[in-house]
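This report concerns only the one structure given below.
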Amino acid sequence: MRIATWNINGIRARLDGAVQWASEVQPEVLCFQEIKIEDGLFPRAVFEDLGYNVETHGQKSFNGVALLSKLPFDEVSRGLPGDDSDQQARFIEGVFSIAGGAIRVASLYLPNGNPVGTEKYAYKFAWMDRLEAYARERLEAEEMFVLAGDYNVIPEDIDARYPEHWVGDALFQPETRARYRRLLNLGLTCAFRACSAEPGHYTFWDYQAGAWQRNNGIRIDHLLLSPLAADRLEGAQIDKRTRGWDKPSDHVPVMIELAV
DNA sequence: ATGGCTGCAGGATGCAGA
(Lines give C-alpha, C1' and ligand atoms only; values in the text may rest on other atoms or scores of the structure.)
Protein backbone atom coordinates (compact mmCIF):
# COMPACT_ATOMS: atom_id res chain seq x y z
CA MET A 1 0.00 0.00 0.00
CA ARG A 2 1.45 3.30 -1.14
CA ILE A 3 0.60 6.47 0.81
CA ALA A 4 1.76 9.87 -0.42
CA THR A 5 1.65 13.45 0.86
CA TRP A 6 2.14 16.59 -1.20
CA ASN A 7 1.75 20.27 -0.39
CA ILE A 8 0.43 21.25 -3.79
CA ASN A 9 0.36 25.05 -3.25
CA GLY A 10 -2.96 25.66 -5.01
CA ILE A 11 -4.75 22.76 -6.68
CA ARG A 12 -6.09 24.95 -9.49
CA ALA A 13 -2.65 26.23 -10.44
CA ARG A 14 -1.19 22.72 -10.14
CA LEU A 15 -3.94 20.51 -11.52
CA ASP A 16 -2.18 19.17 -14.63
CA GLY A 17 0.96 18.17 -12.75
CA ALA A 18 -0.99 16.67 -9.87
CA VAL A 19 -3.07 14.51 -12.20
CA GLN A 20 -0.01 13.46 -14.19
CA TRP A 21 1.86 12.51 -11.02
CA ALA A 22 -1.07 10.62 -9.48
CA SER A 23 -1.73 8.65 -12.65
CA GLU A 24 1.94 7.69 -12.89
CA VAL A 25 2.67 6.88 -9.23
CA GLN A 26 -0.80 5.59 -8.32
CA PRO A 27 -0.69 5.93 -4.54
CA GLU A 28 -3.59 4.15 -2.81
CA VAL A 29 -3.95 7.14 -0.52
CA LEU A 30 -2.93 10.67 -1.53
CA CYS A 31 -2.84 13.56 0.94
CA PHE A 32 -2.82 17.14 -0.36
CA GLN A 33 -2.17 20.34 1.58
CA GLU A 34 -2.66 23.99 0.62
CA ILE A 35 -5.37 23.21 -1.91
CA LYS A 36 -6.46 26.88 -1.50
CA ILE A 37 -10.00 26.20 -2.65
CA GLU A 38 -13.47 25.70 -1.24
CA ASP A 39 -14.93 22.20 -1.10
CA GLY A 40 -17.50 22.80 -3.82
CA LEU A 41 -14.88 23.99 -6.29
CA PHE A 42 -12.32 21.21 -5.83
CA PRO A 43 -11.69 19.49 -9.21
CA ARG A 44 -12.85 16.12 -7.94
CA ALA A 45 -13.96 14.65 -11.27
CA VAL A 46 -10.47 14.35 -12.75
CA PHE A 47 -9.33 12.41 -9.70
CA GLU A 48 -12.46 10.27 -9.61
CA ASP A 49 -11.67 9.36 -13.22
CA LEU A 50 -8.35 7.99 -11.90
CA GLY A 51 -10.24 5.78 -9.45
CA TYR A 52 -10.07 7.96 -6.34
CA ASN A 53 -12.65 8.67 -3.71
CA VAL A 54 -12.21 12.36 -2.84
CA GLU A 55 -12.77 14.08 0.51
CA THR A 56 -11.75 17.68 1.13
CA HIS A 57 -11.59 20.18 3.95
CA GLY A 58 -11.14 23.33 1.94
CA GLN A 59 -11.10 27.05 2.50
CA LYS A 60 -11.14 30.06 0.21
CA SER A 61 -7.70 31.35 -0.80
CA PHE A 62 -5.60 29.82 2.00
CA ASN A 63 -4.85 26.47 3.62
CA GLY A 64 -7.14 23.55 2.78
CA VAL A 65 -6.38 19.82 2.86
CA ALA A 66 -7.64 16.84 0.90
CA LEU A 67 -7.62 13.06 1.20
CA LEU A 68 -7.90 10.91 -1.92
CA SER A 69 -8.19 7.16 -1.67
CA LYS A 70 -8.68 4.21 -3.98
CA LEU A 71 -10.16 2.39 -0.99
CA PRO A 72 -13.64 3.47 0.07
CA PHE A 73 -13.84 5.68 3.16
CA ASP A 74 -15.26 3.95 6.24
CA GLU A 75 -15.07 7.24 8.14
CA VAL A 76 -14.09 10.84 7.40
CA SER A 77 -13.48 13.64 9.88
CA ARG A 78 -12.54 17.26 9.32
CA GLY A 79 -10.60 19.51 11.66
CA LEU A 80 -8.05 18.74 14.37
CA PRO A 81 -9.82 18.12 17.69
CA GLY A 82 -9.21 20.41 20.64
CA ASP A 83 -10.41 23.87 19.55
CA ASP A 84 -13.88 24.34 18.08
CA SER A 85 -13.12 28.01 17.40
CA ASP A 86 -10.25 27.17 14.99
CA GLN A 87 -11.34 28.46 11.55
CA GLN A 88 -8.34 27.27 9.52
CA ALA A 89 -8.75 24.16 7.35
CA ARG A 90 -5.63 22.19 8.17
CA PHE A 91 -6.66 18.63 9.02
CA ILE A 92 -8.70 15.81 7.51
CA GLU A 93 -8.59 12.13 8.37
CA GLY A 94 -10.10 8.95 7.01
CA VAL A 95 -10.35 5.32 8.09
CA PHE A 96 -10.02 2.48 5.60
CA SER A 97 -10.61 -1.26 5.91
CA ILE A 98 -7.64 -3.45 5.17
CA ALA A 99 -7.02 -7.17 5.50
CA GLY A 100 -7.34 -8.00 9.18
CA GLY A 101 -8.31 -4.52 10.39
CA ALA A 102 -8.24 -0.84 9.58
CA ILE A 103 -5.83 1.98 8.93
CA ARG A 104 -6.34 5.66 9.70
CA VAL A 105 -4.65 8.29 7.52
CA ALA A 106 -4.58 12.02 8.25
CA SER A 107 -3.61 14.82 5.87
CA LEU A 108 -2.35 17.73 7.95
CA TYR A 109 -1.00 21.22 7.32
CA LEU A 110 0.76 22.40 10.44
CA PRO A 111 0.91 26.21 10.78
CA ASN A 112 4.06 27.97 9.58
CA GLY A 113 4.31 30.14 12.68
CA ASN A 114 6.37 33.03 11.34
CA PRO A 115 7.23 35.61 12.45
CA VAL A 116 8.54 34.27 15.76
CA GLY A 117 6.90 35.81 18.81
CA THR A 118 3.62 36.76 17.12
CA GLU A 119 0.14 35.32 17.50
CA LYS A 120 0.94 33.10 14.51
CA TYR A 121 3.82 31.61 16.46
CA ALA A 122 1.53 30.94 19.43
CA TYR A 123 -1.04 29.38 17.10
CA LYS A 124 1.59 27.01 15.73
CA PHE A 125 2.47 25.80 19.22
CA ALA A 126 -1.16 25.47 20.25
CA TRP A 127 -1.79 23.44 17.10
CA MET A 128 1.19 21.20 17.83
CA ASP A 129 -0.06 20.65 21.37
CA ARG A 130 -3.45 19.63 20.00
CA LEU A 131 -1.77 17.27 17.54
CA GLU A 132 0.15 15.68 20.37
CA ALA A 133 -3.03 15.14 22.38
CA TYR A 134 -4.71 13.68 19.30
CA ALA A 135 -1.79 11.30 18.63
CA ARG A 136 -1.71 10.20 22.27
CA GLU A 137 -5.37 9.25 22.12
CA ARG A 138 -4.99 7.30 18.92
CA LEU A 139 -1.92 5.52 20.30
CA GLU A 140 -3.77 4.58 23.47
CA ALA A 141 -6.39 2.97 21.23
CA GLU A 142 -3.54 0.98 19.61
CA GLU A 143 -4.61 1.95 16.12
CA MET A 144 -2.66 1.60 12.91
CA PHE A 145 -2.33 5.15 11.62
CA VAL A 146 -0.28 7.53 9.48
CA LEU A 147 -0.05 11.28 10.13
CA ALA A 148 1.05 12.69 6.78
CA GLY A 149 1.59 16.24 5.73
CA ASP A 150 3.43 19.53 5.79
CA TYR A 151 4.67 19.83 9.36
CA ASN A 152 6.56 23.09 8.82
CA VAL A 153 9.26 21.65 11.09
CA ILE A 154 12.92 21.13 10.19
CA PRO A 155 13.69 18.32 12.64
CA GLU A 156 17.51 18.33 12.58
CA ASP A 157 20.49 20.20 11.12
CA ILE A 158 20.86 17.52 8.44
CA ASP A 159 17.37 18.39 7.18
CA ALA A 160 18.52 21.76 5.82
CA ARG A 161 21.17 22.57 3.22
CA TYR A 162 22.08 25.67 5.21
CA PRO A 163 20.84 25.23 8.79
CA GLU A 164 22.36 28.60 9.71
CA HIS A 165 19.86 30.31 7.39
CA TRP A 166 16.97 29.02 9.50
CA VAL A 167 18.13 30.09 12.93
CA GLY A 168 15.42 32.43 14.17
CA ASP A 169 12.80 30.95 11.82
CA ALA A 170 9.69 29.36 13.31
CA LEU A 171 10.40 26.13 11.40
CA PHE A 172 13.70 25.61 13.18
CA GLN A 173 13.26 27.18 16.62
CA PRO A 174 14.38 24.99 19.53
CA GLU A 175 10.83 25.12 20.93
CA THR A 176 9.41 24.00 17.59
CA ARG A 177 11.81 21.09 17.31
CA ALA A 178 11.20 20.15 20.96
CA ARG A 179 7.48 19.88 20.31
CA TYR A 180 8.13 17.76 17.24
CA ARG A 181 10.39 15.48 19.29
CA ARG A 182 7.66 15.20 21.91
CA LEU A 183 5.37 13.91 19.20
CA LEU A 184 7.94 11.32 18.11
CA ASN A 185 8.63 10.35 21.71
CA LEU A 186 5.02 9.29 22.13
CA GLY A 187 6.05 6.33 20.01
CA LEU A 188 5.71 7.58 16.43
CA THR A 189 8.21 6.78 13.69
CA CYS A 190 9.29 9.19 10.97
CA ALA A 191 9.02 6.95 7.91
CA PHE A 192 11.74 8.69 5.93
CA ARG A 193 14.26 8.70 8.76
CA ALA A 194 13.53 5.03 9.47
CA CYS A 195 14.73 4.32 5.92
CA SER A 196 17.60 6.79 5.53
CA ALA A 197 20.01 8.54 7.91
CA GLU A 198 21.62 10.53 5.11
CA PRO A 199 21.73 14.32 5.01
CA GLY A 200 20.79 16.17 1.85
CA HIS A 201 17.23 14.96 1.35
CA TYR A 202 14.73 17.80 1.13
CA THR A 203 11.03 18.26 0.39
CA PHE A 204 10.86 22.06 -0.07
CA TRP A 205 12.86 24.55 -2.10
CA ASP A 206 11.89 28.23 -2.03
CA TYR A 207 10.84 29.86 -5.30
CA GLN A 208 13.28 32.69 -4.64
CA ALA A 209 16.96 33.17 -5.26
CA GLY A 210 17.48 30.01 -7.27
CA ALA A 211 16.98 27.79 -4.24
CA TRP A 212 16.15 24.74 -6.36
CA GLN A 213 19.07 25.22 -8.72
CA ARG A 214 21.41 25.55 -5.74
CA ASN A 215 19.75 22.69 -3.83
CA ASN A 216 19.04 25.09 -1.00
CA GLY A 217 16.24 22.96 0.47
CA ILE A 218 14.70 21.80 3.72
CA ARG A 219 12.89 18.61 4.80
CA ILE A 220 9.58 19.63 6.35
CA ASP A 221 7.03 17.19 4.88
CA HIS A 222 6.78 14.05 6.98
CA LEU A 223 4.82 10.84 7.45
CA LEU A 224 4.71 9.77 11.09
CA LEU A 225 3.67 6.19 11.76
CA SER A 226 2.07 4.49 14.73
CA PRO A 227 3.86 1.29 15.87
CA LEU A 228 1.41 -0.95 14.01
CA ALA A 229 2.06 1.01 10.81
CA ALA A 230 5.82 1.24 11.38
CA ASP A 231 5.98 -2.54 11.71
CA ARG A 232 4.76 -2.74 8.11
CA LEU A 233 7.01 -0.04 6.66
CA GLU A 234 8.85 -1.26 3.56
CA GLY A 235 10.22 1.98 2.15
CA ALA A 236 10.03 5.77 1.99
CA GLN A 237 10.86 8.09 -0.88
CA ILE A 238 10.96 11.76 -1.75
CA ASP A 239 9.99 12.35 -5.38
CA LYS A 240 11.96 15.50 -6.14
CA ARG A 241 11.41 15.23 -9.89
CA THR A 242 8.27 17.37 -9.67
CA ARG A 243 10.25 20.39 -8.43
CA GLY A 244 11.86 20.58 -11.87
CA TRP A 245 8.54 20.55 -13.73
CA ASP A 246 6.95 23.63 -15.25
CA LYS A 247 5.03 25.75 -12.73
CA PRO A 248 5.96 23.47 -9.82
CA SER A 249 4.78 23.51 -6.25
CA ASP A 250 7.59 24.57 -3.94
CA HIS A 251 7.05 21.25 -2.11
CA VAL A 252 7.50 17.76 -3.61
CA PRO A 253 5.65 14.51 -2.83
CA VAL A 254 6.83 12.14 -0.11
CA MET A 255 5.57 8.56 -0.10
CA ILE A 256 5.81 5.32 1.80
CA GLU A 257 5.17 1.66 1.09
CA LEU A 258 3.36 -0.36 3.74
CA ALA A 259 2.98 -4.14 3.66
CA VAL A 260 -0.79 -3.91 3.89
C1' DA B 1 17.10 37.12 3.53
C1' DT B 2 16.17 43.39 5.85
C1' DG B 3 12.65 38.13 1.19
C1' DG B 4 15.20 38.30 -4.88
C1' DC B 5 8.78 34.20 -6.22
C1' DT B 6 4.18 32.51 -6.42
C1' DG B 7 -1.09 31.90 -5.76
C1' DC B 8 -5.08 34.09 -4.75
C1' DA B 9 -8.83 37.70 -4.34
C1' DG B 10 -10.40 41.02 -7.03
C1' DG B 11 -10.13 44.08 -10.45
C1' DA B 12 -4.78 47.40 -7.67
C1' DT B 13 -2.06 45.75 -4.93
C1' DG B 14 -1.75 43.26 -0.40
C1' DC B 15 -1.39 39.08 2.14
C1' DA B 16 0.55 34.61 3.08
C1' DG B 17 3.90 31.34 2.55
C1' DA B 18 8.80 29.32 4.46
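These numbers come from the heavy atoms of this one structure, side chains and all, not from hydrogens, waters or symmetry mates. Naming convention: chains lettered A, B, ... in sequence-line order (proteins, then strands); numbering from 1 in each chain.
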Which other residues belong to the hydrophobic cluster containing [X], where Ile, Leu, Val, Met, Phe, Trp and Tyr are joined when side-chain heavy atoms lie under 4.5 Å apart, directly or via other members?
X: A:Val167; result: none
X: A:Val19; result: A:Trp6, A:Ile8, A:Ile11, A:Leu15, A:Trp21, A:Val25, A:Leu30, A:Phe32, A:Ile35, A:Ile37, A:Leu41, A:Phe42, A:Val46, A:Phe47, A:Leu50, A:Tyr52, A:Val54, A:Leu68, A:Trp245, A:Met255
X: A:Trp166; result: A:Ile154, A:Leu171, A:Phe172, A:Phe204, A:Ile218, A:Ile220

In whole Å, what is the span from the [atom1] atom of [X] to the [atom2] atom of [N]?
X: A:Trp205; N: B:dG17; atom1: CH2; atom2: C1'; result: 17 Å
X: A:Gln59; N: B:dG17; atom1: CD; atom2: C1'; result: 14 Å
X: A:Tyr121; N: B:dG17; atom1: OH; atom2: P; result: 15 Å
X: A:Arg90; N: B:dG17; atom1: CZ; atom2: C1'; result: 10 Å
X: A:Ile35; N: B:dG17; atom1: CD1; atom2: P; result: 16 Å
X: A:Arg243; N: B:dA18; atom1: CZ; atom2: C1'; result: 12 Å
X: A:Gln173; N: B:dA18; atom1: CD; atom2: C1'; result: 13 Å
X: A:Ile218; N: B:dG17; atom1: CD1; atom2: C1'; result: 11 Å

Say you pick atom [atom1] in [N] and the same atom in [M]; how far apart are they, in whole Å?
N: B:dA18; M: B:dG4; atom1: C1'; value: 14 Å
N: B:dA16; M: B:dG10; atom1: P; value: 15 Å
N: B:dG3; M: B:dG14; atom1: C1'; value: 15 Å
N: B:dT13; M: B:dT2; atom1: P; value: 27 Å

Between [X] and [N], does any side-chain N or O lie under 4.0 Å from OP1 or OP2?
X: A:Arg219; N: B:dA18; result: no
X: A:Asn7; N: B:dA18; result: yes
X: A:Asn114; N: B:dA18; result: no

Practice item. Could you list the residues that satisfy ring pair (Phe, Tyr, Trp, His ring centres under 6.0 Å) with A:Trp212, not counting sequence neighbours? Key: A:Trp205
Study note, to complete from the structure: Sequence neighbours excluded, the answer for ring pair (Phe, Tyr, Trp, His ring centres under 6.0 Å) partners of A:His57 is none
Point to revise | N/O donor-acceptor pair under 3.5 Å between A:Arg78 side chain and A:Ile92 backbone | key: no
Exercise for review: Please state whether the rings of A:Tyr180 and A:His222 are parallel, tilted or perpendicular, taking 30° and 60° as the class boundaries.
Suggested key: tilted
Review point. Starting at the 5' end of DNA chain B, which residue's closest nucleotide do you reach first, A:Gly113 or A:Asn216?
Key: A:Asn216
Exercise for review: Using the test side chain to side chain donor-acceptor pair (under 3.5 Å), find all partners of A:Gln213 that sit at least two apart in sequence or belong to another chain.
Suggested key: none
Exercise for review: Tell me, please, which residues at least two apart from A:Asp86 pass side chain to side chain donor-acceptor pair (under 3.5 Å).
Suggested key: A:Tyr123, A:Arg130
Practice item. Go through residues 154-170 of chain A and report each residue with a non-hydrogen atom lying under 4.0 Å from DNA chain B, sorted by number. Key: A:His165, A:Trp166
Which atom pairs link the protein and nucleotides 4-7 of chain B when you take only N or O atoms and keep those under 3.5 Å?
residue: B:dG7; atom: OP1; partner: A:Arg14; partner atom: NH1; Å: 3.2
residue: B:dG7; atom: OP2; partner: A:Lys247; partner atom: NZ; Å: 3.0

Practice item. Record whether the side chain of A:Asn112 comes under 3.5 Å of the base of B:dA18 through a donor-acceptor pair of N or O atoms. Key: yes
Practice item. May I ask you to check whether A:Thr5 and A:Asp221 show a side-chain donor-acceptor distance below 3.5 Å? Key: no
Taking any heavy-atom pair under 4.0 Å as a contact, classify [X]: base, sugar-phosphate, or nothing.
X: A:Tyr109; result: sugar-phosphate
X: A:Lys124; result: nothing
X: A:Asp250; result: nothing

